[in-house]
Amino acid sequence: MVFYADLVSYAGNNRKSYAQATETTYTEDMAIVIDAIEGVKYTHYLRILKTHIEPSKMRYASRISNQRICVYLDSTESVKYLCDSIKTIHVNEVAVAIRPLKSKNKRVVISNVHPTIPDSAIFGTLSQMGIQPQSRMIHLKVNTDDPDLAHVACLRRQVYIKEEDETRLLPSVTMKRGSTAVHIYFSAGQATCYK
């Protein structure tokens, strides 16, 4: 006669529970990010995405750091489809890029950028270099531990570009704002001090 305890012992520790057998292991390669627009709920992005991909392929979603929306999908193929074929979605009449959470994008720090220079002028300069930015422009803050000064921006901004576009990046350009010529500096990676 065989008892239940003997069957459990026979199955050993290799036996998986139903939950373990059906659990999906997620990686960063299975997620996309989209820049968040102030005042727009992340569920609104999901409603727009479901016009391009089956809703069942979207598994997790949330706001994350640097004003972005992160969506984990069912597979890397779904990420590739959205990033390579769809590329952008329109949120409140604003085109926002879909990009992989884990990408080979390069951080570019732009120094000596006075607030009189609009982001659009820098984007135009990058376009003339043949570079299509992969993120919105971020205005960097001063380095301080004083909470009353945490809102103060410095004269540096950052943007992400494709890794392969780094060779097209000029070290500096001169921009005219009114009667004044301003030299702005581009560096891939960490910020560089120019005095």
Side-chain angles (χ1 to χ4, degrees), residues 28 31-42 44-46 48-49 51-52 63-71 79-143 150-195:
E28 290 180 338
I32 60 168
V33 288
I34 307 166
D35 289 335
I37 297 173
E38 193 171 334
V40 179
K41 294 181 179 181
Y42 72 87
H44 185 68
Y45 290 81
L46 301 180
I48 295 169
L49 282 173
T51 64
H52 299 288
R63 285 186 182 272
I64 61 172
S65 62
N66 295 325
Q67 298 179 0
R68 297 173 297 163
I69 307 295
C70 178
V71 182
V79 170
K80 184 169 176 49
Y81 169 72
L82 286 175
C83 294
D84 295 348
S85 300
I86 303 304
K87 297 181 182 177
T88 60
I89 58 172
H90 287 81
V91 180
N92 289 0
E93 300 181 11
V94 176
V96 287
I98 301 170
R99 56 191 193 280
L101 173 63
K102 185 177 179 183
S103 66
K104 295 181 179 179
N105 290 341
K106 202 79 170 174
R107 176 179 183 247
V108 174
V109 176
I110 309 151
S111 303
N112 198 38
V113 188
H114 292 255
T116 56
I117 299 173
D119 292 344
S120 59
I122 298 171
F123 284 133
T125 299
L126 290 170
S127 180
Q128 289 173 356
M129 295 180 202
I131 298 172
Q132 176 65 44
Q134 299 299 298
S135 73
R136 64 183 178 83
M137 189 72 68
I138 298 169
H139 294 242
L140 301 177
K141 305 293 184 188
V142 295
N143 187 12
H151 68 283
V152 179
C154 63
L155 299 184
R156 290 179 304 166
R157 301 177 198 178
Q158 80 174 24
V159 71
Y160 285 86
I161 64 172
K162 291 180 181 176
E163 190 174 51
E164 59 266 27
D165 285 343
E166 184 182 357
T167 57
R168 299 178 180 175
L169 193 66
L170 297 175
S172 67
V173 296
T174 302
M175 302 185 77
K176 281 201 82 156
R177 301 308 300 161
S179 60
T180 307
V182 179
H183 301 284
I184 66 171
Y185 304 90
F186 297 91
S187 61
Q190 297 302 314
T192 304
C193 180
Y194 292 94
K195 291 191 176 180

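Numbers here are sequence positions counted from 1.
Smallest separation of non-hydrogen atoms from A31 and C70: CB-SG, 4.1 Å. Nearest approach of P100 to V33, heavy atoms of both residues: O-CG2, 3.9 Å. The two atoms that bring T174 and A181 nearest to each other are CG2-CB, 3.9 Å, heavy atoms only.
Panel note: side chain D35, backbone R136; a donor-acceptor pair is recorded below 3.5 Å. A donor-acceptor pair is defined here as one N or O able to donate and one able to accept, closer than 3.5 Å; such a pair exists between the side chain of S135 and the backbone of Y160. Side chain of Q67 to backbone of S65: no donor-acceptor contact under 3.5 angstrom is found.
Separating the CD1 atom in I131 from the CG atom in L170 is a distance of 7.5 Å, to the nearest 0.5 Å. Atom CG of residue L155 and atom CD1 of residue I117 lie 9.0 Å apart, to the nearest 0.5 angstrom. Interatomic distance, CG of N112 versus SG of C154, reported as 11.0 Å (0.5 Å rounding). To the nearest 0.5 Å, atom CE of residue M137 and atom CG of residue L140 are 10.0 Å apart. For the atom pair CD1 (I48) and NE2 (H90), the distance works out to 10.0 Å, reported to the nearest 0.5 Å. Separation of atoms CD1 (I32) and CG (L49) is listed at 5.0 Å; rounding is to 0.5 Å.
When side chains are defined from C-beta on, V173 counts as touching M129, because their heavy atoms get closer than 4.5 Å. Put simply, the side chain of I122 does not reach to within 4.5 Å of the side chain of V159, judged on heavy atoms. Residues K162 and Q132 have side chains not in contact (no heavy-atom distance under 4.5 Å, counting atoms from C-beta outward).
When each of R99, K87, H52 is paired with L82, the side-chain contact (heavy atoms from CB on, under 4.5 Å) condition holds for H52 and for no other.
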| task | Would you sort out whether R157 and I138 count as a side chain to side chain contact (heavy atoms under 4.5 Å, CB included), showing the intermediate values? | result | CA-CA 5 Å; R157 301 177 198 178; I138 298 169; over 6 Å; no
| task | Please lay out, stage by stage, how I69 and V96 fare under the test side chain to side chain contact (heavy atoms under 4.5 Å, CB included). | result | CA-CA 11 Å; I69 307 295; V96 287; over 6 Å; no
| CA sep, side-chain torsions, deciding dist, call: V113, M175, side chain to side chain contact (heavy atoms under 4.5 Å, CB included) | CA-CA 10 Å; V113 188; M175 302 185 77; over 6 Å; no
| field | Working for side chain to side chain contact (heavy atoms under 4.5 Å, CB included), residues I34 and Y42 | value | CA-CA 10 Å; I34 307 166; Y42 72 87; over 6 Å; no
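Salt bridge D165/R168: present, at least one basic N to carboxylate O contact under 4.0 Å.
Shown here is N143, whose CG atom has no more than 12 heavy atoms of other residues, nucleotides or ligands within 6.0 Å. More than 12 heavy atoms of other residues, nucleotides or ligands lie within 6.0 Å of NZ in K141, so this atom counts as buried by the packing criterion.
In terms of the salt bridge (Lys or Arg N to Asp or Glu O under 4.0 Å) criterion, R63 has no residue partners (sequence neighbours excluded).
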